[in-house]
Enquirer: 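First, the structure itself, so that you have it in front of you.
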Amino acid sequence: IKITNLEKIYRTEEVETVALNKLSMQVAEGEFVAVMGPSGCGKSTLLNILGLLDDPDGGSFLFNGIEVSRFNERKRADLRKRNIGFVFQSFNLIDELTVFENVELPLIYLGVSTSERKSRVEAVLDKMQIMHRRNHYPQQLSGGQQQRVAVARAVVNKPKLILADEPTGNLDSSNGNEVMQLLTDLNEQGTTIVMVTHSEHDARYSHRIIRMLDGQTVLENLMV
Ligand code: ADP
Ligand code: ADP
């Protein structure tokens, strides 16, 4: 990821909010980076742009060497479903679908065959140690189990990049540590991770903390 002078301005009837103010940052392939900063500094906006869910108003965003900042929605969606996995604070599982079906969904969007879907979903549920719950619905699971399912869904399409927004925000510390360990394992297997967090404890699992203030990065310190 190479971002240079990224700008995002939200315009409502009377107010203009500069959410990203010529922000620059880089994340190397295989890195695990934490993004921290006070509420309103632009973290969610940055994550939405990194995840190709939203487009910037100015600046450059190179993803895998490709300039994606002026991609239209269709091209963004195509790149997103192949390369990016999302993990959210509130899990964002679909209540009407079983664990298996939730994790299968990204593969349906990619047009993967039924038999390959079955083997890939089972492999990832097994890895996340949630296989025994494959036919249960999200509401029947604990928060920690739901987040393991969400991580399974994020990784089933073997993305290059995982974006995590406060992934432990709704978990107790033991389940939170378990999820952080899962992210660490995925990173050690080569997946790049960018994680927004308010938790200094969780940030210690990363290699590097990018600190933000008022839509800009203020510090990119290396961890020892
Ligand atoms: P955090 O500091 O944990 O990111 P926020 O309360 O700032 O939490 O934001 C929560 C969500 O609400 C984010 O997804 C953000 O994009 C959205 N959000 C924040 N401010 C506004 C706003 N003024 N209008 C619309 N959505 C907003
Ligand atoms: P953070 O995630 O660090 O809390 P956000 O990216 O959510 O910050 O918000 C950055 C700024 O942009 C805030 O001032 C917020 O109120 C504003 N904002 C975020 N989303 C929207 C939106 N959809 N419409 C208008 N303003 C927004």
Side-chain angles (χ1 to χ4, degrees), residues 1-27 31-63 67-77 79-80 83-93 143 146-147 150-151 153-154 159 161-171 176 179-180 183 187 192-223:
I1 294 166
K2 185 174 182 188
I3 279 176
T4 314
N5 292 331
L6 202 68
E7 291 179 287
K8 182 71 187 180
I9 299 158
Y10 294 107
R11 292 186 177 85
T12 50
E13 279 134 54
E14 285 119 37
V15 205
E16 230 180 50
T17 308
V18 179
L20 298 179
N21 185 10
K22 296 190 185 298
L23 177 144
S24 299
M25 62 175 255
Q26 296 190 33
V27 180
E31 262 198 297
F32 184 171
V33 169
V35 177
M36 303 189 79
S39 191
C41 73
K43 303 180 299 295
S44 305
T45 302
L46 174 65
L47 221 55
N48 287 343
I49 294 174
L50 287 177
L52 304 169
L53 293 165
D54 203 355
D55 55 344
D57 294 302
S60 159
F61 172 17
L62 289 176
F63 181 80
E67 177 63 62
V68 296
S69 59
R70 277 168 288 279
F71 268 21
N72 62 25
E73 169 52 27
R74 193 196 157 99
K75 286 179 89 176
R76 276 193 270 127
L79 202 64
R80 179 170 67 233
N83 293 288
I84 301 174
F86 295 88
V87 180
F88 304 94
Q89 175 172 2
S90 49
F91 321 134
N92 289 14
L93 298 170
Q146 289 186 55
Q147 195 61 305
V151 175
R153 178 188 55 188
L161 174 66
I162 290 181
L163 299 174
D165 195 353
E166 299 268 1
T168 69
N170 280 330
L171 300 177
V179 164
M180 290 311 302
L183 293 176
N187 175 248
T192 307
I193 300 181
V194 177
M195 170 182 74
V196 166
T197 183
H198 287 294
S199 157
E200 295 283 349
H201 172 267
D202 287 358
R204 270 183 239 121
Y205 286 87
S206 74
H207 303 149
R208 183 159 69 94
I209 301 176
I210 294 178
R211 292 191 192 269
M212 285 181 65
L213 195 63
D214 298 338
Q216 296 179 322
T217 54
V218 286
L219 202 63
E220 299 193 31
N221 46 333
L222 284 168
M223 311 283 283

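All ligand and atom numbering here is 1-based and tracks the order in the structure. In what follows, residues are counted from 1 in the order of the sequence shown.
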Enquirer: Side chains of Leu20 and Ile49: closer than 4.5 Å at any heavy-atom pair?
Expert: yes
Enquirer: Show me which atoms of ligand 2 lie under 4.0 Å from any heavy atom of Ser39.
Expert: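 This gives 4 (O) as the contact atoms.
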Enquirer: May I ask you to decide whether Arg211 forms a salt bridge with Glu200, counting only side-chain N to carboxylate O separations under 4.0 Å?
Expert: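 Looking at Arg211 and Glu200, the cut-off is met.
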Enquirer: Please could you name the atoms of ligand 2 that Ser44 approaches to less than 4.0 Å, counting only its heavy atoms?
Expert: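 Near Ser44, meaning under 4.0 Å from one of its heavy atoms, ligand 2 has 1 (P), 2 (O), 6 (O), 7 (O).
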Enquirer: Can you check which of Pro38, Gly37, Gly40, Gly215 brings a heavy atom nearest to atom 1 (P) of ligand 2?
Expert: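 Result: the heavy atom closest to atom 1 (P) of ligand 2 is in Gly40.
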Enquirer: Just to verify, what does Glu16 make a salt bridge (charged side-chain N to carboxylate O under 4.0 Å, His left out) with, not counting sequence neighbours?
Expert: Arg11
Enquirer: Short N/O distance, under 3.5 Å, between Ala19 and ligand 2?
Expert: no
Enquirer: Where on Thr45 is there a heavy atom closer than 4.0 Å to ligand 2, on the side chain, on the backbone, on both, or on neither?
Expert: both
Enquirer: Apply salt bridge (charged side-chain N to carboxylate O under 4.0 Å, His left out) to Glu7 and list each qualifying residue two or more places apart in sequence or on a separate chain.
Expert: Lys22
Enquirer: Please examine the side chains of Phe63 and Leu79, heavy atoms only from C-beta on, and report whether any two atoms are closer than 4.5 Å.
Expert: yes
